[in-house]
Amino acid sequence: ECEKEPGSLLWIFVMVGNMVRGMGETPIMPLGISYLEDFAKTENSPFYLGCLHTATVIGPFLGFLLASFCAELFVDLGSVDAGDLTITATDARWVGAWWLGILICASLNLLAGIAFCFFPKSLVKEGETNEPEETCQKRVVLLQENEKKEAKQTMYDFIPFLKALFHNPVYMLFICITVLQFSAFNGMVSFMPKYLEQQFGKSASDAIFLIGVYNLPVICVGYFFGGLFMKKFKINIYQAAHIACWVSLLEYLLYFAAYWTVCDTSPVAGLTVSYE
């Protein structure tokens, strides 16, 4: 039916689903970091943040593995007999069961979201003694009153705060660096699988698997040991900025060396070679 109606609007469901997913996932990082900063010791906070960022990379790694598995299954899973198919996963016309991974991840997100409902509004700061129950209840009441006042104040101060952030050179530089880093990562995730398919004759599932295995575990190790290094040697913000600068420069030089890694172009009829 979708093939008969090229003007199908089913893509709107996918777009709305991604919008809802983004709204649900976005608060986790800023609020999760604030949660750690408020209730963790200063010397332990970098290590906990490293663990948090490590978990955010383990998720895509497992997602790549799941996508590799789903790509080996035909898109019409359950309605088409696999024995009747005349094409394989290495064929350019093959379409994997992309929707299966979305259903699995959505179910897991729903289960994980239920656990967030049981988080307490306030915790005893790490390293401090437990407070009496009455004192704890008073703190919760004061916290709720402050939240109401801050919510009203934020509505009026949002625009001035936003202008102040845009005029902060350190913040804007950090935003620009983050955009560049994610642009490079998204470019690799978007185009590298197709390059591996065309250049090395890999199937879509094999290409996705290779990207996940060769890239993300190393990033996990970097995040984890980076947080552990800051906790061990008690690195302050100024020292961390210097370390980040030199490590980023080294990363740039290593990536720049990839320009000398050239592979022969595969023969493609009509592009690199004639049809004859």
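All figures in this text were calculated on a predicted structure; none of them were measured in a lab.
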Under the side-chain contact (heavy atoms from CB on, under 4.5 Å) rule, collect the residues that match up with [X], sequence neighbours excluded.
{"X": "Met172", "result": "Phe166"}
{"X": "Val20", "result": "Val16, Met23"}
{"X": "Ala240", "result": "Met230, Ile235"}

Please determine whether residues [X] and [Y] belong to a single hydrophobic cluster, defined as Ile, Leu, Val, Met, Phe, Trp and Tyr linked transitively by side-chain heavy-atom distances below 4.5 Å.
{"X": "Val218", "Y": "Val221", "value": "no"}
{"X": "Leu253", "Y": "Ile243", "value": "no"}
{"X": "Leu165", "Y": "Val179", "value": "yes"}

Which residues end up grouped with Leu173 if you chain together Ile, Leu, Val, Met, Phe, Trp and Tyr wherever their side-chain heavy atoms are less than 4.5 Å apart? Ile177
Checking one residue: Leu250. Which other hydrophobic residues are in its cluster under the side-chain 4.5 Å linking rule? Leu254
Residues forming a ring pair (Phe, Tyr, Trp, His ring centres under 6.0 Å) with [X], sequence neighbours excluded:
{"X": "Phe233", "answer": "Phe229"}
{"X": "Phe47", "answer": "Phe224"}
{"X": "Tyr171", "answer": "none"}
{"X": "Phe74", "answer": "Trp94"}

Rounded to the nearest 0.5 angstrom, the CZ-CG distance for Arg21 and Asn109 is 8.0 Å
Pairwise distance CG(Leu66) to CD1(Ile208) - rounded to 0.5 angstrom: 10.0 Å
Shortest non-hydrogen contact from Lys234 toward Gln239: O-OE1, 4.1 Å
Quick check: closest heavy atoms across Ser68 and Ser205, and the distance to 0.1 Å? OG-O, 2.8 Å
Can you name the residues that form a side chain to side chain donor-acceptor pair (under 3.5 Å) with His167, not counting sequence neighbours? none
Below 3.5 Å, can you tabulate the donor-acceptor pairs from side chains in residues 95-107 to any protein atom, sequence neighbours excluded?
{"unit_1": "Trp99", "atom_1": "NE1", "unit_2": "Val75", "atom_2": "O", "d": "2.7"}
{"unit_1": "Ser107", "atom_1": "OG", "unit_2": "Leu103", "atom_2": "O", "d": "2.9"}

If you apply the rule side chain to side chain contact (heavy atoms under 4.5 Å, CB included), what do you find for Leu228 with Phe225, and how did you get there? CA-CA 5 Å; Leu228 186 64; Phe225 282 100; 4.2 Å; yes
Here the side chain to side chain donor-acceptor pair (under 3.5 Å) pairs for residues 243-252, sequence neighbours left out, are none
With a 4.5 Å cut-off on side-chain heavy atoms, are Asp206 and Leu196 touching? no
Within a reach of under 6.0 Å around [atom1] of [X], are more than 12 heavy atoms found that belong to other residues, nucleotides or ligands?
{"X": "Met19", "atom1": "CE", "value": "no"}
{"X": "Phe64", "atom1": "CZ", "value": "yes"}
{"X": "Phe69", "atom1": "CZ", "value": "no"}

